Amino acid sequence: MNQGRYGPYGGQYIPETLMNELIGLNQAYQRYRLDPAFQAELAQLLRDYAGRPSLLYRADRMTADLGGAQIWLKREDLNHTGSHKINNVLGQTLLARKMGKTRVIAETGAGQHGVATATAAALMGLECEIFMGREDTERQALNVYRMELLGATVHPVTSGTMTLKDAVNEAMREWTSRVQDTLYVLGSVMGPHPFPQMVRDFQSVIGREIRAQLEAQAGSLPAAVVACVGGGSNAIGSFYDFIDQPTVELIGCEAAGLGVDTDQHAATIARGQVGVFHGMKSYFCQDQDGQIAPVYSISAGLDYPGIGPEHAWLHDSGRASYVPVTDQQAVEAFEYLAQTEGVICAIESAHAIAHVRQIAQRYRPDQHIVVCLSGRGDKDVAAIARYRGRTVHE
Amino acid sequence: MSEIARAFAQGKAFIAFLTAGDPSLEQTERHILDLVKGGADLIEIGIPFSDPIAEGPVIQAANLRALQAGASLEGVFELARRVHAQTPTPLVFLTYLNPVFHYGYEAFCQRASVCGVSGLIIPDLPFEEQGELRPIASACGLDLITLVAPTSADRIRRVAETASGFIYVVSSLGVTGLRSQITTDLRSIVAEIRRHSQTPVAVGFGVHTPEQAQDIGQFADGVIVGSKIVSLIGQNPTGAGPELQAYARSIKDALRD
């Protein structure tokens with residue numbers, strides 16, 4: 001009872017129809033989590049299929065330009081399918097297969113999680129259906145086609161604000177109607193227990209690698225680990241191994257859209273309040289009646305009104321801090337990284353880069369800041385061009 | 001006898017659901033009285049929510065219309081209060097948890113109670129998480145009505161043993177909406193509930209025809225109809241009164257047979 005709590009956050013606030021399935025999923029996960037054969041199979045997939053470990057790259061030009069800490073980029077963008085999402089979906093689809101499931105469903109915002117899920121489903125021989133807000137299918141048309149190429153069916157979601165939260169609603173509704181043969185492969189550290197734990201565990205490979213690689217390359221712990229936060233999976237994956245190392249600052253960068261003083265943002269910690277939604281107790285952007293608020297960000301992947309329950313707790317306990325980053329700052333960081341280091345990163349990840357540009361000087365040259373570069377930016381190039389008033393045909 | 005128990009005291013109960021504020025709170029007030037006139041024994045007032053994850057397209061659309069028409073939580077409380085002043089028919093709220101949590105559990109339960117509401121149905125608050133709300137609801141005289149689903153299996157006993165008000169049996173997998181056929185073995189689910197509880201059992205999700213109501217009335221204590229009522233209102237937002245009365249009468253008559 002009251003499983004999966006992070007302080008007061010988390011839990012299993014989900015319709016009765018799904019409860020036995022969640023209980024079964026939790027039992028299966030807790031068993032396979034400790035099963036060396038499962039872990040060995042997953043480790044092999046991560047190495048041979050996803051291309052792990054991802055590089056930890058010292059960004060010398062950025063370091064020289066900013067002056068201050070040495071900046072390191074954790075290159076999750078170099079993984080197969082181009083983002084950290086593959087770490088989680090390989091874990092979950094492998095678990096689905098072990099549980100005898102033949103079908104997976106998933107939500108997607110920018111399309112990265114949808115593409116990763118469709119990829120893993122193809123690899124594992126599972127049927128795959130993806131729910132994506134119609135607005136996002138238009139913003140990310142190439143990713144829709146990519147998922148279809150991989151054999152998935154993509155359902156444009158036309159309810160609500162037609163973005164990520166509505167895609168989650170629709171995937172949950174679909175799971176409620178067909179639970180026996182289906183696993184809902186949630187894409188972030190959110191939803192009812194065991195998802196926040198499971199997704200965090202599968203993503204924690206990022207932080208373990210950061211720790212080992214920085215130790216090997218610099219002989220040191222990082223002074224700070226910085227990552228973007230929507231639901232927060234690449235952030236918790238980057239943070240997790242350092243939570244018990246109090247000298248390591250943990251900083252999550254939320255999407256502030258047009259600014260936290262406007263109503264066009266997705267800055268859940270800065271502007272949200274505690275609530276219960278999508279299966280979990282956490283912080284959510286909501287109005288005075290507890291209606292979930294429409295949120296906005298240039299980044300489809302951060303355009304979510306909530307945040308994972310473990311982040312809510314890291315915030316309350318003061319172990320991690322969360323800062324808002326605007327569209328404008330993110331776009332400038334996107335261009336900056338391209339021109340300074342020759343890396344076109346996802347607009348989501350650019351939120352983290354933007355914050356590092358602001359704080360690097362506060363650190364000494366013998367200190368290290370690691371930024372999780374959660375994804376590559378090919379998908380965003382046309383949108384950035386539009387932002388700058390240029391029309392680029394995809 | 002609790003308010004809700006009275007709904008089950010005169011034969012099989014017809015429980016009517018509608019979304020508050022669709023098309024307006026004033027119309028909802030009239031629609032409730034029409035349903036009562038037609039024979040509804042208990043009214044389930046849906047508090048509109050931005051993200052109703054247990055609802056199918058019909059009730060989702062009604063939620064959206066209600067919110068766009070400006071239905072506030074305050075407005076729904078006042079609606080309940082006005083209705084309660086006009087009819088002894090018991091009222092319950094169907095609401096997602098966040099509006100209750102955001103208002104504050106104690107404040108919400110006290111306010112609901114003062115407005116004449118007898119119970120709460122919260123689709124995203126399963127048995128395991130009810131501990132945070134149940135004592136507060138009880139102290140305010142509100143029954144926390146729990147759901148049993150086709151997938152509940154071994155959970156039925158625990159849910160049934162702690163149930164109050166009535167037990168809401170979800171007829172089918174999936175979300176709310178009209179179903180031509182209900183394939184779940186409802187008789188055995190209801191029988192299993194009765195082994196552990198004396199609380200009345202009502203069946204909903206997909207139920208909409210008098211034939212279905214009659215059939216379910218053979219083994220359950222009541223039926224819950226939502227999407228059909230909401231679609232009648234959706235088709236004729238300001239003039240659905242006579243149809244609602246006639247429809248309620250057809251369901252209530254079927255339950256009497």
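Proteins come first, then strands; the chains are lettered A, B, ... in the order of their sequence lines, and each starts at number 1. Please read all numbers here as calculations on a predicted model, not as lab measurements. Excluded from the calculations below are hydrogen atoms, water molecules and symmetry mates; all remaining heavy atoms, backbone and side chain alike, are included.
Residue B:R82 places its CZ atom among more than 12 non-hydrogen atoms of other residues, nucleotides or ligands, all under 6.0 Å distant. Annotation for B:H84: atom NE2 does not count as buried by contact number, only 12 or fewer foreign heavy atoms lying within 6.0 Å.
Under the rule for a side chain to side chain donor-acceptor pair (under 3.5 Å), A:Q291 has no partner lying at least two apart in sequence or in another chain.
Chain A forms the most heavy-atom pairs under 4.5 Å with one residue out of B:S50, B:S172, B:A61, and that residue is B:S50. In terms of heavy-atom pairs under 4.5 angstrom with chain B, the leader among A:E174, A:M172, A:Q273, A:M19 is A:M19. Between chain A and the options B:V159, B:D154, B:L125, heavy-atom pairs under 4.5 Å are most frequent for B:D154.
With a 4.5 Å cut-off on side-chain heavy atoms, A:P15 and B:I53 count as touching.
With hydrogens and angles disregarded, no donor-acceptor distance shorter than 3.5 Å links the side chain of A:R173 to the backbone of B:G56. Formation of a donor-acceptor pair under 3.5 Å by the A:N20 side chain with backbone atoms of B:S152 is found in this model. Between the side chain of A:E16 and the backbone N or O of B:A149, no donor-acceptor pair lies under 3.5 Å. Between the B:N98 side chain and the A:V276 main chain, a donor and an acceptor come within less than 3.5 Å of each other. Counting only distance, with no hydrogens or angles, the side chain of A:N169 and the backbone of B:D51 share no donor-acceptor pair below 3.5 Å.
Within residues 69-76 of chain B, the residues having any heavy atom closer than 4.5 Å to a heavy atom of chain A are B:S72, B:L73, listed by residue number. Along residues 102-123 of chain B, the residues that come nearer than 4.5 angstrom to chain A, judged on non-hydrogen atoms, are B:H102, B:P123 in order of number.
Using a 4.5 Å cut-off between heavy atoms, A:V168 makes no contact with chain B at all. Only the backbone of B:V148 comes within contact range of chain A, with at least one heavy atom under 4.5 Å from a heavy atom of that chain. For A:Q288, the part lying near chain B is the backbone, with the side chain staying farther off; criterion is any non-hydrogen pair under 4.5 Å. For a residue to count as touching a neighbouring chain, one of its non-hydrogen atoms must lie under 4.5 Å from one of that chain's; by this rule A:D287 touches chain B with the backbone only. With a 4.5 Å cut-off on non-hydrogen atoms, B:P48 touches chain A through its backbone but not through its side chain.
The salt bridge (charged side-chain N to carboxylate O under 4.0 Å, His left out) pairs that include a residue from residues 159-185 of chain B are B:R157-B:E161, where partners are two or more places apart or lie in different chains.
Taking all atoms of both residues into account, the shortest heavy-atom contact from B:F49 to A:G290 is CE1-O, 3.3 Å. Contact record, B:T151 with A:T17: OG1-O, 2.7 Å, taken as the closest heavy-atom pair. Between A:Y13 and B:L97, the shortest heavy-atom contact is CD2-CD2, 3.5 Å. A:Q12 and B:E129 get closest at one heavy-atom pair: N-OE2, 2.6 Å.
With rounding to the nearest 0.5 angstrom, the CG atom of A:D289 is 9.5 Å from the CD1 atom of B:I47. Summarising the geometry, atom CD1 belonging to A:I23 is positioned 5.0 Å from atom CD belonging to B:E128; distances are rounded to the nearest 0.5 Å. For the atom pair B:L173 CG and A:Q180 CD, the distance stands at 9.0 Å (nearest 0.5 Å).
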